[in-house]
Amino acid sequence: WLDGNFTFNDVDFGEVIAELENQYDVKVKMDERFYQLKYTGYFKNNHLNDALFSITWPLKLKYTIKGKEVLIEQE
C-alpha cells in the first residue's frame with residue numbers, strides 16, 4: 001500500500017470496498033450479497049474510475065459515480 005497499490009487475494013469483496021471507501025473518501029452502496037463475493041486482484045490509488053473498473057470488471061459488476069457516492073450493481 002505504500003506505493004499506492006492495494007492487492008487482495010481471495011478476500012471478501014466487502015474488504016475491498018472498505019479500502020476503496022477509505023482511500024477515495026466515497027460511500028459505496030451495493031446489494032448485501034456482493035459483500036461475500038471473493039475477490040482476487042488489485043487497484044491503484046490514482047483515479048477512482050480506474051480503481052472501480054479494476055475491482056468490478058472481474059466480478060461482472062458495473063458502477064455509477066454520483067459525487068461522493070458510488071453505486072455498484074449487477075451487469
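- For Glu69, the side-chain contact (heavy atoms from CB on, under 4.5 Å) test picks out Lys29, with sequence neighbours left out.
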message = Go through it in stages, so that I can follow the logic: the residues are Phe43 and Phe6, the test is ring pair (Phe, Tyr, Trp, His ring centres under 6.0 Å), and I'd like the CA-CA distance, side-chain angles, deciding distance and then a yes or no.
response = CA-CA 5 Å; Phe43 72 84; Phe6 296 86; 5.2 Å; yes

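- Rounding to the nearest 0.5 Å gives a distance of 9.0 Å between CG of Asn45 and CG of Asn5.
- Met30 and Trp57 fall within the same hydrophobic cluster, defined by Ile, Leu, Val, Met, Phe, Trp and Tyr side-chain heavy atoms under 4.5 Å apart, directly or through other members.
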Could you give me the CA-CA distance, side-chain angles and deciding distance for Val70 and Ile72, then say whether side chain to side chain contact (heavy atoms under 4.5 Å, CB included) is met? CA-CA 6 Å; Val70 176; Ile72 295 179; 4.1 Å; yes

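- Counted within 6.0 Å of OH on Tyr42, heavy atoms from surrounding residues, nucleotides or ligands total 12 or fewer; the atom is thus considered open.
- For Asp25, the salt bridge (charged side-chain N to carboxylate O under 4.0 Å, His left out) partners at least two apart in sequence or on another chain are Lys68.
- Hydrophobic clustering, with ILVMFWY side chains joined whenever heavy atoms are under 4.5 angstrom apart, groups Val26 together with Phe53.
- Note: Thr64 OG1 to Glu73 CD = 5.5 Å, rounded to the nearest 0.5 Å.
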Compile the donor-acceptor pairs under 3.5 Å between side chains in residues 9-21 and protein atoms, sequence neighbours left out, one pair per line.
residue : atom : partner : partner atom : Å
Asp12   : OD1  : Lys38   : NZ           : 2.6
Glu19   : OE2  : Gln23   : NE2          : 2.8
Glu21   : OE2  : Val28   : N            : 2.8

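- With sequence neighbours left out, Tyr63 forms a side chain to side chain donor-acceptor pair (under 3.5 Å) with Asn49.
- Contact of the Leu59 side chain with the Phe34 side chain is not registered, since no non-hydrogen atoms from C-beta on lie closer than 4.5 Å.
- Here the closest non-hydrogen pair linking Tyr39 and Pro58 is CE1-CG, 4.3 Å.
- Closest heavy-atom contact between Lys62 and Gln74: CE-O, 3.5 Å.
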